Amino acid sequence: MEVALFEPRIPQNTGNIARTCAAYNSPLNLIEPLGFRLEDKYLKRAGLDYWHLVQVETYKNYEIFKRNKQNKRILSFSKKNGVLLDEFIFQRNDVLLFGREDKGLPNEIISQCNSLITIYMPNIQTDSTKKDGVRSLNLSVACGIALYEANKQLKSFKNTYDDLK
């Protein structure tokens with residue numbers, strides 16, 4: 001299971017996601033352009049001292065990323081009417097793709113992915129002209145929820161916890 005971020009903008013989000021990837025042994029793919037430098041102090045601080053546990057790859061653009069992942073399913077995440085997260089069936093080699101914090105994933109990227117997945121939010125803003133409801137989840141929160149659900153389905157962490165007993 002891998003995580004990919006399409007043009008991330010906020011270093012703290014990417015650092016938090018890197019920490020989550022370290023916890024799940026999931027590679028982190030960053031698709032440029034990035035809204036920060038990889039040496040950014042906020043990125044490093046959010047990832048704490050776990051950076052040595054994360055396999056990070058960067059790609060100049062989505063086309064290069066997609067070519068590199070051609071033998072894997074690329075699953076896009078968006079609030080745009082996808083299959084609900086808990087109803088989707090994950091596979092071990094899936095790549096979970098998340099969009100920019102400010103704009104999400106563009107439709108032309110979503111259309112190139114194998115599936116579109118949506119994380120259920122009961123208080124979602126349904127009309128952009130209204131101020132009630134939440135527009136979206138924070139990127140690092142959405143990534144954590146999705147990575148947890150995928151790993152839960154695959155039961156990939158059960159043996160780890162059995163060893164701790």
Side-chain angles (χ1 to χ4, degrees), residues 1-38 40 43 46-47 50-51 53-121 124 134-158 160:
M1 187 74 53
E2 298 183 36
V3 171
L5 303 180
F6 178 81
E7 301 180 359
R9 293 289 174 250
I10 301 173
Q12 295 92 328
N13 280 335
T14 301
N16 287 333
I17 291 166
R19 185 175 178 175
T20 301
C21 286
Y24 283 94
N25 288 319
S26 296
L28 175 60
N29 303 280
L30 302 176
I31 303 166
E32 297 178 348
L34 309 179
F36 51 86
R37 293 191 349 242
L38 291 177
D40 191 293
L43 174 75
Y50 300 111
W51 282 103
L53 299 174
V54 184
Q55 177 188 340
V56 179
E57 295 287 334
T58 58
Y59 297 89
K60 292 288 181 200
N61 57 48
Y62 182 77
E63 290 73 29
I64 295 171
F65 164 78
K66 186 172 181 192
R67 211 170 331 147
N68 193 272
K69 305 297 178 187
Q70 64 186 350
N71 296 326
K72 298 182 179 212
R73 292 193 313 176
I74 299 174
L75 311 175
S76 58
F77 281 78
S78 173
K79 65 178 183 179
K80 300 175 184 172
N81 296 321
V83 176
L84 288 177
L85 175 64
D86 66 333
E87 296 174 359
F88 188 83
I89 307 294
F90 289 93
Q91 298 173 6
R92 292 217 180 275
N93 289 323
D94 287 342
V95 179
L96 313 181
L97 175 65
F98 297 86
R100 289 173 49 155
E101 291 93 339
D102 57 347
K103 296 180 180 178
L105 281 172
N107 287 331
E108 60 269 14
I109 299 296
I110 291 172
S111 68
Q112 295 179 51
C113 294
N114 298 92
S115 293
L116 172 61
I117 302 168
T118 297
I119 298 170
Y120 172 72
M121 295 188 315
I124 191 166
V134 175
R135 281 189 317 278
S136 63
L137 292 170
N138 172 278
L139 180 62
S140 63
V141 170
C143 181
I145 291 169
L147 198 53
Y148 175 83
E149 175 62 26
N151 277 276
K152 182 183 82 166
Q153 280 188 20
L154 298 171
K155 307 252 188 281
S156 60
F157 52 82
K158 184 174 180 354
T160 303

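Computation of the quantities below employed the complete heavy-atom set of this structure, encompassing side-chain atoms and omitting hydrogens, waters and symmetry-equivalent molecules. The structure presented is a predicted model; accordingly, all values stated were derived computationally and were not measured.
In this structure, the side chains of Asn68 and Asn29 stay at 4.5 Å or more apart for every pair of heavy atoms. In this structure the side chain of Leu116 never reaches within 4.5 angstrom of the side chain of Leu105, judged on heavy atoms. Between Leu34 and Pro8, the closest side-chain pair of non-hydrogen atoms falls below 4.5 Å. Residues Phe6 and Pro106 have side chains in contact (heavy-atom distance under 4.5 Å, counting atoms from C-beta outward).
For Lys66, the salt bridge (charged side-chain N to carboxylate O under 4.0 Å, His left out) test picks out no residue, with sequence neighbours left out. By the side chain to side chain donor-acceptor pair (under 3.5 Å) test, Asn114 is found to be paired with no residue, residues two or more places apart in sequence or in another chain being considered. When the side chain to side chain contact (heavy atoms under 4.5 Å, CB included) test is applied to Gln70, no partner is found at least two apart in sequence or on another chain. Residues meeting the side chain to side chain contact (heavy atoms under 4.5 Å, CB included) test with Thr20, sequence neighbours left out: Tyr24, Leu147. Scanning for salt bridge (charged side-chain N to carboxylate O under 4.0 Å, His left out) contacts around Glu149 gives Lys152, with sequence neighbours left out. Residues satisfying the side chain to side chain contact (heavy atoms under 4.5 Å, CB included) test with Asn107, not counting sequence neighbours, are Lys80, Ile110. Take Asp102 and apply the side chain to side chain contact (heavy atoms under 4.5 Å, CB included) test, not counting sequence neighbours, and it matches Arg9, Arg100. Remark: Asn138 engages Asn13, Ser140 in a side chain to side chain donor-acceptor pair (under 3.5 Å) (not counting sequence neighbours). Shown here are the ring-ring contact (aromatic ring centres under 6.0 Å, His included) partners of Phe65, two or more places apart in sequence or in another chain: Tyr59, Tyr62.
Legend: salt bridge (Lys or Arg N to Asp or Glu O under 4.0 Å) pairs involving residues 139-148, not counting sequence neighbours: none detected. Here salt bridge (Lys or Arg N to Asp or Glu O under 4.0 Å) pairs that include residues 53-64, with residues two or more places apart or in two chains, are Glu32-Lys60.
In this structure, Phe98 and Ala146 approach most closely via the heavy-atom pair CZ-CB, 3.7 Å. In terms of heavy atoms, Arg73 sits closest to Ile89 at NH2-O, 3.0 Å. Across all non-hydrogen atoms, the minimal contact from Val95 to Ala4 is CG1-CB, 3.9 Å.
Note that CD1 of Ile119 and NZ of Lys79 are 12.5 Å apart. Values are rounded to the nearest 0.5 Å. Note that the CD atom of Gln153 and the CD atom of Gln91 stand 10.5 Å from one another [nearest 0.5 Å]. Separation of atoms CG (Asp94) and CG (Leu154) is listed at 7.5 Å; rounding is to 0.5 Å. Atom CG of Leu5 is separated from atom OG1 of Thr58 by 12.0 Å, given to the nearest 0.5 angstrom. Taking CG from Leu75 and CZ from Phe88, the interatomic distance works out to 4.5 Å, rounded to the nearest 0.5 Å. To the nearest 0.5 Å, atoms CG (Leu28) and CG (Leu30) are separated by 4.5 Å.
Under 4.0 Å is where a charged nitrogen must lie from a carboxylate oxygen, and between Glu7 and Lys103 no such pair does.
Between the Ser76 side chain and the Ser115 main chain, a donor and an acceptor come within less than 3.5 Å of each other. For the pair Ser26 (side chain) and Glu2 (backbone), a donor-acceptor distance under 3.5 Å is absent.
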- Message: Evaluate Leu137 against Phe77 for side chain to side chain contact (heavy atoms under 4.5 Å, CB included), listing each step before the verdict.
- Response: CA-CA 11 Å; Leu137 292 170; Phe77 281 78; over 6 Å; no
